[in-house]
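Structure first, then comments.
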Amino acid sequence: MDETIRKVHIGYAYNRDMIVMMLPLYLMAFFYYGPRCLLLALVALLTARICDRISALLRSRPYDKTEYSSVTFALILVLMLPASVPYRVVVAAVIMAVLVAKEAFGGFESYPFHPAAVGFCMAAVSWPEHVLRYPSPQVWLVNSTTDFSQLLAGWRFTGAELVEGPSYALKAGGLPSIDLWNLFLGNYGGPVGVTSTAVLLACGIFLLVRGRINLVTPLCFLGTAALFALVFPRYVVEIVEFADLLSRLEVVGYELLSGAMIFAAIFLVCEPGTQPKSTPARVVYGILLGVSTMLFRYFGIYELGACFAILVINAFMGFFERALPGGPKEAKTEEAKADKKEAVQP
(Lines give C-alpha, C1' and ligand atoms only; values in the text may rest on other atoms or scores of the structure.)
Protein backbone atom coordinates (compact mmCIF):
# COMPACT_ATOMS: atom_id res chain seq x y z
CA MET A 1 0.00 0.00 0.00
CA ASP A 2 2.87 2.38 0.81
CA GLU A 3 4.35 1.78 -2.65
CA THR A 4 0.97 2.51 -4.24
CA ILE A 5 0.65 5.76 -2.29
CA ARG A 6 4.18 6.73 -3.31
CA LYS A 7 3.48 6.10 -7.00
CA VAL A 8 0.25 8.09 -6.83
CA HIS A 9 2.07 10.99 -5.16
CA ILE A 10 4.82 10.97 -7.81
CA GLY A 11 2.22 10.72 -10.58
CA TYR A 12 0.32 13.68 -9.15
CA ALA A 13 3.48 15.81 -9.03
CA TYR A 14 4.46 14.77 -12.56
CA ASN A 15 1.07 15.58 -14.08
CA ARG A 16 0.84 18.85 -12.16
CA ASP A 17 4.16 20.08 -13.57
CA MET A 18 3.30 18.87 -17.06
CA ILE A 19 0.01 20.78 -16.99
CA VAL A 20 1.74 23.92 -15.68
CA MET A 21 4.30 23.73 -18.48
CA MET A 22 1.58 23.44 -21.12
CA LEU A 23 0.13 26.78 -20.06
CA PRO A 24 2.83 28.82 -21.93
CA LEU A 25 2.11 26.76 -25.05
CA TYR A 26 -1.59 27.56 -24.79
CA LEU A 27 -0.78 31.24 -24.29
CA MET A 28 1.24 31.16 -27.51
CA ALA A 29 -1.65 29.39 -29.23
CA PHE A 30 -4.03 32.09 -27.93
CA PHE A 31 -1.72 34.80 -29.28
CA TYR A 32 -1.48 33.23 -32.74
CA TYR A 33 -4.91 31.64 -33.22
CA GLY A 34 -7.30 33.21 -30.74
CA PRO A 35 -9.60 31.94 -27.99
CA ARG A 36 -10.81 28.88 -29.91
CA CYS A 37 -7.64 27.06 -28.84
CA LEU A 38 -8.59 27.57 -25.20
CA LEU A 39 -12.12 26.36 -25.88
CA LEU A 40 -10.73 23.22 -27.53
CA ALA A 41 -8.66 22.62 -24.41
CA LEU A 42 -11.71 23.09 -22.20
CA VAL A 43 -13.74 20.61 -24.28
CA ALA A 44 -10.89 18.09 -24.08
CA LEU A 45 -10.51 18.59 -20.32
CA LEU A 46 -14.23 18.10 -19.63
CA THR A 47 -14.34 15.03 -21.87
CA ALA A 48 -11.37 13.51 -20.03
CA ARG A 49 -12.94 14.02 -16.61
CA ILE A 50 -16.26 12.58 -17.77
CA CYS A 51 -14.41 9.54 -19.12
CA ASP A 52 -12.71 9.12 -15.74
CA ARG A 53 -16.08 9.15 -13.99
CA ILE A 54 -17.51 6.65 -16.46
CA SER A 55 -14.52 4.37 -15.92
CA ALA A 56 -14.89 4.60 -12.12
CA LEU A 57 -18.58 3.73 -12.46
CA LEU A 58 -17.90 0.74 -14.71
CA ARG A 59 -15.19 -0.55 -12.37
CA SER A 60 -17.32 0.06 -9.25
CA ARG A 61 -14.60 2.08 -7.59
CA PRO A 62 -14.50 5.60 -6.10
CA TYR A 63 -13.75 8.45 -8.47
CA ASP A 64 -10.27 9.82 -7.72
CA LYS A 65 -10.31 13.53 -8.48
CA THR A 66 -6.59 13.86 -7.68
CA GLU A 67 -5.55 11.58 -10.56
CA TYR A 68 -4.81 14.05 -13.36
CA SER A 69 -3.15 11.87 -15.99
CA SER A 70 -6.27 11.93 -18.22
CA VAL A 71 -6.25 15.72 -18.15
CA THR A 72 -2.57 15.71 -19.09
CA PHE A 73 -3.19 13.41 -22.05
CA ALA A 74 -6.18 15.47 -23.22
CA LEU A 75 -4.24 18.75 -23.11
CA ILE A 76 -1.25 17.20 -24.90
CA LEU A 77 -3.60 15.87 -27.55
CA VAL A 78 -5.11 19.29 -28.29
CA LEU A 79 -1.64 20.82 -28.65
CA MET A 80 -0.95 18.42 -31.53
CA LEU A 81 -4.13 19.40 -33.42
CA PRO A 82 -4.79 22.43 -35.65
CA ALA A 83 -6.78 25.37 -34.28
CA SER A 84 -9.46 24.72 -36.90
CA VAL A 85 -10.18 21.12 -35.86
CA PRO A 86 -13.89 20.36 -35.24
CA TYR A 87 -14.94 19.82 -31.63
CA ARG A 88 -16.26 16.35 -32.41
CA VAL A 89 -12.80 15.24 -33.46
CA VAL A 90 -11.36 16.42 -30.14
CA VAL A 91 -14.07 14.61 -28.18
CA ALA A 92 -13.58 11.37 -30.12
CA ALA A 93 -9.78 11.53 -29.78
CA VAL A 94 -9.94 12.12 -26.01
CA ILE A 95 -12.41 9.25 -25.54
CA MET A 96 -10.06 6.97 -27.46
CA ALA A 97 -7.08 8.14 -25.38
CA VAL A 98 -8.71 7.87 -21.95
CA LEU A 99 -11.28 5.07 -22.15
CA VAL A 100 -9.52 2.80 -24.64
CA ALA A 101 -5.78 3.47 -24.45
CA LYS A 102 -5.65 4.17 -20.70
CA GLU A 103 -8.56 2.70 -18.73
CA ALA A 104 -9.06 -0.46 -20.81
CA PHE A 105 -5.52 -1.53 -19.86
CA GLY A 106 -5.85 -0.87 -16.14
CA GLY A 107 -5.65 2.88 -15.70
CA PHE A 108 -2.84 4.88 -14.11
CA GLU A 109 0.58 3.87 -15.53
CA SER A 110 -0.74 0.45 -16.61
CA TYR A 111 -1.09 1.30 -20.29
CA PRO A 112 1.37 -0.18 -22.82
CA PHE A 113 0.79 2.58 -25.39
CA HIS A 114 0.96 6.32 -24.86
CA PRO A 115 -2.72 7.39 -24.61
CA ALA A 116 -2.23 10.82 -26.22
CA ALA A 117 -0.40 9.22 -29.16
CA VAL A 118 -3.23 6.69 -29.54
CA GLY A 119 -5.83 9.47 -29.60
CA PHE A 120 -3.91 11.52 -32.14
CA CYS A 121 -3.25 8.56 -34.46
CA MET A 122 -6.92 7.61 -34.41
CA ALA A 123 -7.94 11.17 -35.28
CA ALA A 124 -5.29 11.49 -38.01
CA VAL A 125 -6.35 8.25 -39.68
CA SER A 126 -10.09 8.98 -39.35
CA TRP A 127 -10.15 12.70 -40.21
CA PRO A 128 -6.92 13.57 -42.07
CA GLU A 129 -8.59 16.55 -43.76
CA HIS A 130 -9.21 18.12 -40.34
CA VAL A 131 -6.09 16.99 -38.48
CA LEU A 132 -3.26 17.32 -41.02
CA ARG A 133 -4.00 20.75 -42.48
CA TYR A 134 -3.46 23.97 -40.56
CA PRO A 135 -4.60 27.60 -40.69
CA SER A 136 -1.94 30.29 -40.88
CA PRO A 137 -1.18 32.20 -37.66
CA GLN A 138 -3.44 35.23 -37.38
CA VAL A 139 -1.69 36.99 -34.47
CA TRP A 140 -5.23 37.27 -33.10
CA LEU A 141 -4.27 39.15 -29.94
CA VAL A 142 -2.81 42.02 -32.01
CA ASN A 143 -5.36 42.10 -34.82
CA SER A 144 -8.38 42.01 -32.51
CA THR A 145 -7.30 45.27 -30.87
CA THR A 146 -7.55 47.12 -34.18
CA ASP A 147 -10.39 45.28 -35.84
CA PHE A 148 -13.28 44.06 -33.68
CA SER A 149 -14.43 41.67 -36.41
CA GLN A 150 -11.33 39.59 -35.65
CA LEU A 151 -12.81 38.87 -32.23
CA LEU A 152 -15.57 36.80 -33.82
CA ALA A 153 -13.28 35.38 -36.49
CA GLY A 154 -11.07 34.00 -33.73
CA TRP A 155 -13.81 31.57 -32.74
CA ARG A 156 -14.15 30.14 -36.24
CA PHE A 157 -11.97 29.29 -39.16
CA THR A 158 -14.75 29.13 -41.71
CA GLY A 159 -13.29 29.82 -45.13
CA ALA A 160 -9.76 30.00 -43.77
CA GLU A 161 -7.03 28.73 -46.06
CA LEU A 162 -5.54 25.53 -44.68
CA VAL A 163 -1.98 24.51 -45.55
CA GLU A 164 0.25 21.51 -44.96
CA GLY A 165 3.09 21.66 -42.47
CA PRO A 166 6.74 22.21 -43.45
CA SER A 167 7.45 18.47 -43.45
CA TYR A 168 5.46 18.11 -46.66
CA ALA A 169 7.99 20.22 -48.55
CA LEU A 170 10.79 17.96 -47.31
CA LYS A 171 8.82 14.87 -48.32
CA ALA A 172 8.48 16.33 -51.81
CA GLY A 173 12.27 16.70 -52.03
CA GLY A 174 12.42 20.45 -51.43
CA LEU A 175 12.96 22.87 -48.58
CA PRO A 176 10.14 24.67 -46.75
CA SER A 177 9.57 28.30 -47.66
CA ILE A 178 9.89 29.15 -43.97
CA ASP A 179 13.37 30.11 -42.77
CA LEU A 180 14.86 28.38 -39.75
CA TRP A 181 14.43 31.44 -37.51
CA ASN A 182 10.66 31.61 -38.05
CA LEU A 183 10.55 27.83 -37.67
CA PHE A 184 12.30 28.22 -34.31
CA LEU A 185 9.86 30.92 -33.17
CA GLY A 186 6.79 29.05 -34.43
CA ASN A 187 5.64 31.73 -36.86
CA TYR A 188 4.05 29.36 -39.36
CA GLY A 189 0.92 27.25 -39.74
CA GLY A 190 0.96 24.07 -37.69
CA PRO A 191 -0.50 22.35 -34.64
CA VAL A 192 -1.48 24.87 -31.99
CA GLY A 193 1.20 24.01 -29.42
CA VAL A 194 4.17 22.32 -31.08
CA THR A 195 5.57 24.99 -33.38
CA SER A 196 7.34 27.38 -30.97
CA THR A 197 10.64 25.63 -30.31
CA ALA A 198 11.89 28.48 -28.11
CA VAL A 199 9.00 28.05 -25.67
CA LEU A 200 9.25 24.25 -25.82
CA LEU A 201 12.92 24.33 -24.85
CA ALA A 202 12.17 26.60 -21.90
CA CYS A 203 9.46 24.19 -20.75
CA GLY A 204 11.82 21.26 -21.20
CA ILE A 205 14.50 22.91 -19.03
CA PHE A 206 11.96 23.47 -16.26
CA LEU A 207 10.76 19.85 -16.38
CA LEU A 208 14.36 18.62 -16.42
CA VAL A 209 15.28 20.68 -13.35
CA ARG A 210 12.16 19.43 -11.58
CA GLY A 211 13.15 15.85 -12.39
CA ARG A 212 10.00 15.15 -14.44
CA ILE A 213 11.92 14.21 -17.58
CA ASN A 214 15.40 12.82 -18.17
CA LEU A 215 18.01 13.61 -20.80
CA VAL A 216 18.78 10.05 -21.90
CA THR A 217 15.67 9.23 -23.92
CA PRO A 218 15.15 12.67 -25.59
CA LEU A 219 18.83 13.03 -26.53
CA CYS A 220 18.99 9.51 -27.99
CA PHE A 221 15.74 10.17 -29.84
CA LEU A 222 16.74 13.54 -31.32
CA GLY A 223 20.37 12.52 -31.89
CA THR A 224 19.36 9.42 -33.84
CA ALA A 225 16.86 11.43 -35.90
CA ALA A 226 19.50 14.08 -36.63
CA LEU A 227 22.07 11.47 -37.69
CA PHE A 228 19.48 9.74 -39.87
CA ALA A 229 18.62 13.07 -41.57
CA LEU A 230 22.31 13.88 -42.05
CA VAL A 231 23.15 10.54 -43.67
CA PHE A 232 19.88 10.09 -45.59
CA PRO A 233 18.60 13.63 -46.29
CA ARG A 234 15.27 14.11 -48.02
CA TYR A 235 16.65 17.26 -49.64
CA VAL A 236 19.89 15.98 -51.14
CA VAL A 237 22.93 18.26 -50.98
CA GLU A 238 26.13 16.84 -52.43
CA ILE A 239 28.98 17.61 -50.02
CA VAL A 240 31.89 18.97 -52.06
CA GLU A 241 32.87 22.07 -50.11
CA PHE A 242 32.45 23.19 -46.52
CA ALA A 243 29.46 25.33 -47.52
CA ASP A 244 27.73 22.18 -48.75
CA LEU A 245 28.13 20.63 -45.30
CA LEU A 246 26.44 23.70 -43.78
CA SER A 247 23.58 23.28 -46.25
CA ARG A 248 23.26 19.62 -45.23
CA LEU A 249 23.15 20.69 -41.57
CA GLU A 250 20.43 23.19 -42.49
CA VAL A 251 18.34 20.28 -43.78
CA VAL A 252 18.88 18.51 -40.45
CA GLY A 253 17.64 21.66 -38.71
CA TYR A 254 14.47 21.63 -40.78
CA GLU A 255 13.87 18.00 -39.85
CA LEU A 256 14.30 18.62 -36.12
CA LEU A 257 12.30 21.85 -35.99
CA SER A 258 9.29 20.50 -37.90
CA GLY A 259 6.90 17.63 -37.38
CA ALA A 260 6.63 18.09 -33.57
CA MET A 261 10.02 16.47 -32.95
CA ILE A 262 10.97 18.75 -30.02
CA PHE A 263 7.45 18.56 -28.59
CA ALA A 264 7.52 14.76 -28.74
CA ALA A 265 10.93 14.64 -27.07
CA ILE A 266 9.64 16.66 -24.10
CA PHE A 267 5.97 15.74 -23.68
CA LEU A 268 5.65 12.26 -25.19
CA VAL A 269 8.74 10.07 -25.02
CA CYS A 270 9.37 10.66 -21.30
CA GLU A 271 5.92 9.53 -20.15
CA PRO A 272 6.55 7.39 -17.02
CA GLY A 273 3.92 4.81 -17.92
CA THR A 274 5.49 3.91 -21.28
CA GLN A 275 9.15 4.88 -20.88
CA PRO A 276 11.54 2.11 -19.76
CA LYS A 277 12.90 2.35 -16.22
CA SER A 278 16.53 1.31 -16.77
CA THR A 279 19.10 3.50 -18.52
CA PRO A 280 20.20 0.88 -21.11
CA ALA A 281 16.57 0.32 -22.10
CA ARG A 282 16.02 4.08 -22.37
CA VAL A 283 18.98 4.37 -24.72
CA VAL A 284 17.57 1.62 -26.94
CA TYR A 285 14.10 3.17 -26.66
CA GLY A 286 15.34 6.58 -27.81
CA ILE A 287 17.37 5.14 -30.71
CA LEU A 288 14.50 2.98 -31.95
CA LEU A 289 12.11 5.91 -31.66
CA GLY A 290 14.45 8.12 -33.69
CA VAL A 291 14.82 5.59 -36.50
CA SER A 292 11.13 4.69 -36.53
CA THR A 293 10.03 8.33 -36.52
CA MET A 294 12.22 9.18 -39.50
CA LEU A 295 10.98 6.13 -41.40
CA PHE A 296 7.38 7.19 -40.78
CA ARG A 297 8.22 10.72 -41.95
CA TYR A 298 10.07 9.52 -45.04
CA PHE A 299 7.60 6.88 -46.20
CA GLY A 300 4.35 7.77 -44.40
CA ILE A 301 1.76 10.42 -45.16
CA TYR A 302 1.45 11.86 -41.65
CA GLU A 303 3.53 14.83 -40.53
CA LEU A 304 3.58 13.87 -36.84
CA GLY A 305 5.24 10.53 -37.47
CA ALA A 306 6.57 10.50 -33.90
CA CYS A 307 3.14 9.52 -32.57
CA PHE A 308 2.94 6.48 -34.83
CA ALA A 309 6.56 5.58 -34.02
CA ILE A 310 5.86 5.72 -30.29
CA LEU A 311 3.01 3.23 -30.63
CA VAL A 312 5.14 0.82 -32.66
CA ILE A 313 8.12 0.94 -30.30
CA ASN A 314 5.89 0.76 -27.19
CA ALA A 315 4.77 -2.66 -28.39
CA PHE A 316 8.33 -4.04 -28.20
CA MET A 317 9.88 -2.21 -25.24
CA GLY A 318 8.69 -4.74 -22.66
CA PHE A 319 10.94 -7.34 -24.29
CA PHE A 320 13.96 -5.02 -24.50
CA GLU A 321 13.56 -3.84 -20.91
CA ARG A 322 13.54 -7.43 -19.63
CA ALA A 323 16.46 -8.46 -21.84
CA LEU A 324 18.80 -5.51 -21.20
CA PRO A 325 20.89 -5.00 -18.05
CA GLY A 326 19.11 -3.20 -15.23
CA GLY A 327 15.69 -4.58 -16.17
CA PRO A 328 12.85 -5.50 -13.80
CA LYS A 329 14.40 -8.87 -12.79
CA GLU A 330 17.67 -7.29 -11.69
CA ALA A 331 15.85 -4.48 -9.95
CA LYS A 332 13.75 -6.96 -7.96
CA THR A 333 16.84 -9.03 -7.13
CA GLU A 334 18.72 -6.01 -5.82
CA GLU A 335 15.67 -4.94 -3.82
CA ALA A 336 15.35 -8.41 -2.30
CA LYS A 337 19.06 -8.43 -1.35
CA ALA A 338 18.69 -5.04 0.30
CA ASP A 339 15.64 -6.21 2.28
CA LYS A 340 17.45 -9.39 3.39
CA LYS A 341 20.51 -7.42 4.45
CA GLU A 342 18.36 -5.06 6.44
CA ALA A 343 16.53 -7.96 8.11
CA VAL A 344 19.71 -9.65 9.41
CA GLN A 345 21.15 -6.48 10.87
CA PRO A 346 20.66 -6.21 14.64
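Counting from 1, the numbers follow the sequence of the chain as shown.
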On a heavy-atom basis, which atom in [X] and which in [Y] lie closest, and how many Å separate them?
X      : Y      : answer
Leu45  : Ala74  : N-CB, 4.5 Å
Tyr134 : Pro82  : CD2-CB, 3.5 Å
Lys102 : Ser69  : NZ-OG, 2.9 Å
Arg61  : Ser55  : NH2-OG, 3.7 Å
Cys203 : Phe267 : CB-CZ, 4.4 Å
Ser70  : Glu67  : N-OE2, 4.5 Å

Shared ILVMFWY cluster between [X] and [Y], side chains joined below 4.5 angstrom?
X      : Y      : value
Val231 : Ile287 : no
Met28  : Leu23  : no
Val283 : Leu289 : no
Phe299 : Leu288 : yes
Tyr26  : Val90  : yes

Atom pair [atom1]/[atom2] of [X] and [Y] - distance to nearest 0.5 Å:
X      : Y      : atom1 : atom2 : answer
Met261 : Ile266 : CE    : CD1   : 12.0 Å
Ser258 : Glu303 : OG    : CD    : 6.5 Å
Leu79  : Phe263 : CG    : CZ    : 4.5 Å
Thr47  : Leu42  : OG1   : CG    : 9.0 Å
Leu200 : Thr195 : CG    : OG1   : 8.0 Å
Leu185 : Ile178 : CG    : CD1   : 12.0 Å

Determine whether [X] and [Y] make a side-chain contact, defined as any pair of heavy atoms from C-beta on separated by less than 4.5 Å.
X      : Y      : value
Val100 : Ile95  : no
Val89  : Val131 : yes
Phe113 : Ile310 : no
Leu77  : Met96  : no
Ser196 : Leu25  : no
Arg49  : Asp52  : yes
Val118 : Leu311 : yes
Met317 : Thr274 : no

Keeping to residues at least two apart or across chains, list the side-chain hydrogen bond (donor to acceptor under 3.5 Å, both in side chains) pairs with something in residues 282-294.
Tyr285-Asn314
Going through the distances and angles, do Arg88 and His130 end up as a side-chain contact (heavy atoms from CB on, under 4.5 Å)?
CA-CA 11 Å; Arg88 69 179 186 276; His130 295 309; 3.6 Å; yes
Kindly write out the residues that satisfy side-chain contact (heavy atoms from CB on, under 4.5 Å) with Arg210, not counting sequence neighbours, or none if the list is empty.
Arg16, Asp17, Phe206, Arg212
Give the table of side-chain donor-acceptor pairs shorter than 3.5 Å for residues 214-229, with sequence neighbours excluded, one pair per line with atom names and distance.
residue : atom : partner : partner atom : Å
Asn214  : OD1  : Val216  : N            : 3.0
Asn214  : OD1  : Thr217  : N            : 3.1
Asn214  : ND2  : Gln275  : OE1          : 2.8
Thr217  : OG1  : Gln275  : OE1          : 2.8
Thr224  : OG1  : Cys220  : O            : 2.7

Between Tyr188 (side chain only) and Asp179 (backbone N and O only), is there a donor and an acceptor less than 3.5 Å apart?
no
Do any N or O atoms from the side chain of Arg297 and from the backbone of Glu255 form a donor-acceptor pair under 3.5 angstrom?
yes
Within the 6.0 Å centroid threshold, strictly below: Tyr111 and Phe73
yes
Check: Tyr302 ring centroid to Phe308 ring centroid under 6.0 Å
yes
Would Leu183 and Thr197 count as a side-chain contact (heavy atoms from CB on, under 4.5 Å) if you check the C-alpha gap in whole Å, the side-chain angles of each, and the deciding distance to 0.1 Å?
CA-CA 8 Å; Leu183 207 62; Thr197 303; over 6 Å; no
Criterion side-chain contact (heavy atoms from CB on, under 4.5 Å) on Met80 and Cys307, from CA distance to verdict:
CA-CA 10 Å; Met80 295 189 290; Cys307 289; 3.6 Å; yes
Using a 6.0 Å cut-off, check whether atom CZ of Phe316 has over 12 heavy atoms from anything other than its own residue.
no
Take Leu81 and Phe120 through the side-chain contact (heavy atoms from CB on, under 4.5 Å) test and state the conclusion after the steps.
CA-CA 8 Å; Leu81 298 173; Phe120 174 83; 4.0 Å; yes
Apply the test side-chain hydrogen bond (donor to acceptor under 3.5 Å, both in side chains) to residues Thr72 and Asn15: give CA-CA distance (whole Å), side-chain angles for both, the deciding distance (0.1 Å), then the verdict.
CA-CA 6 Å; Thr72 302; Asn15 287 296; 2.9 Å; yes
